[in-house]
Amino acid sequence: MAASISGTHACYPSVALNNATGNRRRCAEKNSFAPPLPASRPSSSTLRIGEQWPELQGARDWDGLLSPLDGALRSELVRYGEFVRAAYASFDFQGRGAPTSYGSCRFPTRSLLRRSGIPETGYAVTGLLHAASSSAPSWLPSSCTCSSSYIGYVAVCVDEGEMERLGRRDVVIAYRGTATCSEWLDNLHSTLTSLPATTTAPRSGEEEGEEPMVESGFWRLFSTPGEAHGSLQQQVRGEVQRIVREYSGKGMPPLSITVTGHSLGAALAVLTAYEIATATRDADNAAPMVTAVSFGCPRVGNAAFRRRLEASGGKVLRVANSNDLVTKVPGLWVDEYGSVKRWMASKIGWAYSDVGRELLLSGHDLPRNVVASHHLDLYLKLVAACTY
């Protein structure tokens with residue numbers, strides 16, 4: 001059995017977060033599930049990473065990088081957060097083009113990053129991703145229902161200068177958080193469900209026992225096909241296979257896959273990392289490194305799921321605000337519970353376990369606001385201000 005790498009490192013901002021008037025920044029901004037505010041300017045890092053990239057991607061489970069927070073890692077976390085911001089900014093929340101455009105991507109792939117506020121990334125969007133959710137009740141207005149919607153994109157680093165800085169060719173898969181009523185309904189399916197047998201067969205050297213399980217609503221969004229597209233799982237699998245074929249081989253730079261998201265998107269990022277890591281491990285010993293960087297991620301699965309993800313080689317860094325209640329749900333965290341409580345939690349389908357390493361951002365000096373504490377903008381500001 002793979003050893004658990006779950007752990008927490010607290011990080012505190014070195015300076016108070018201020019607003020434009022110089023007062024201590026207040027958190028009450030707006031609903032955290034609305035599109036975050038656009039960046040005032042791109043924050044693409046100029047720090048040269050080079051041969052340090054495997055360590056920053058979690059090759060050593062971020063040992064020695066979280067407390068204090070390494071400067072290069074901090075810059076990379078903000079950079080990946082801006083890819084998530086672009087997934088929000090490119091989502092059509094209001095059906096501006098036509099009533100049927102609600103839930104679609106506002107921009108063409110060629111201009112998506114630029115028009116979403118991050119024009120100089122060195123990445124090119126290669127595909128849009130869609131997820132099919134539960135049908136909303138008929139009494140809800142059509143303006144807030146959408147059974148299938150744009151939820152993120154895949155982008156590949158194509159700029160030679162950026163690849164030289166990063167030390168490899170990086171692939172980013174970025175997901176937004178909950179936006180439609182149908183997605184909210186899926187979020188409420190909080191009991192655990194077993195993964196399909198084809199994805200959970202025990203591997204050589206692993207112990208049999210508790211079966212891997214994940215939150216049923218997240219898995220439904222990930223695995224359900226839509227009317228006009230395959231499931232999100234199938235879309236990711238096909239695009240990653242295509243990219244690996246195109247950019248792997250002799251003479252090619254190393255290839256990494258970074259999956260990132262916020263809230264619901266963070267949970268989907270963990271499932272995506274699991275899907276890619278298990279699939280590429282089975283297919284090729286020289287598979288690309290797979291890392292999930294999550295912001296405000298709810299719990300995704302049980303301890304067996306965590307162990308299976310770790311055994312596959314997939315890495316997860318959970319960025320969490322100490323005031324954010326979303327990171328403490330759904331279900332019951334059973335890692336520290338006794339056997340009786342673990343048994344009870346498993347019987348009701350709520351025996352959850354945190355996945356990966358946690359970077360805990362301290363929001364104790366900020367007003368306790370449930371909505372604002374979950375906002376992606378606040379997350380990125382806390383990361384940027386975090387030095388110890």
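Atoms considered below: every heavy atom in the structure, side chains included; atoms not considered: hydrogens, waters and symmetry mates. This structure is a prediction, so every number in the text was calculated from the model and none was measured. Counting begins at 1 with the first residue of the sequence.
You'll find the side chain of Gln235 reaches within 4.5 Å of the side chain of His130, heavy atoms only. Side chains of His262 and Ser294 form no contact here, defined as non-hydrogen atoms less than 4.5 Å apart. Using a 4.5 Å cut-off on side-chain heavy atoms (C-beta onward), Glu215 and Arg220 make no contact. No side-chain heavy atom of Leu309 sits under 4.5 Å from any side-chain heavy atom of Thr278.
For the residue pair Tyr150 and Asp92, no side-chain donor N or O sits within less than 3.5 Å of a side-chain acceptor on the partner. Judged purely by distance below 3.5 Å, without hydrogens or angles, the side chains of Thr272 and Gln233 never pair a donor atom with an acceptor atom. Checking His374 against Ser263 by side-chain atom types alone, a donor-acceptor pair falls below 3.5 Å.
Across Arg106 and Phe91, no two heavy atoms sit closer than the pair CD-O, 3.3 Å. Pairing each heavy atom of Cys386 with each of Arg74, the nearest pair is O-NH1, 2.8 Å. Minimum interatomic distance between Arg357 and Asp63 (heavy atoms only, all atoms of both residues): NH1-OD1, 2.9 Å. The nearest pair of heavy atoms linking Thr260 to Tyr80 is CG2-O, 3.8 Å.
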Derivation of the side-chain contact (heavy atoms from CB on, under 4.5 Å) call for Leu232 and Leu129:
CA-CA 7 Å; Leu232 178 58; Leu129 300 172; 3.8 Å; yes
After noting the C-alpha distance and the side-chain angles of Arg307 and Glu310, does the key distance pass the salt bridge (Lys or Arg N to Asp or Glu O under 4.0 Å) rule?
CA-CA 5 Å; Arg307 291 192 295 268; Glu310 292 168 359; over 6 Å; no
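In this structure, Tyr123 and Phe83 have perpendicular ring planes: the angle between them is above 60°, well past the 30° mark.
Judged by a 6.0 Å distance limit and a 45° cone about the ring axis, Arg299 is not positioned over the six-membered ring of Tyr352.
The aromatic ring centres of His189 and Phe218 sit 6.0 Å or more apart.
Looking at residues two or more places apart in sequence or on another chain, you find a salt bridge (Lys or Arg N to Asp or Glu O under 4.0 Å) between Arg168 and Asp170. For Phe222, the ring pair (Phe, Tyr, Trp, His ring centres under 6.0 Å) test picks out Trp219, with sequence neighbours left out. Remark: Glu160 engages no residue in a salt bridge (Lys or Arg N to Asp or Glu O under 4.0 Å) (not counting sequence neighbours).
Of the listed residues (Val240, Ile173, Val172, Val259), just one forms a side chain to side chain contact (heavy atoms under 4.5 Å, CB included) with Val154, and that residue is Ile173.
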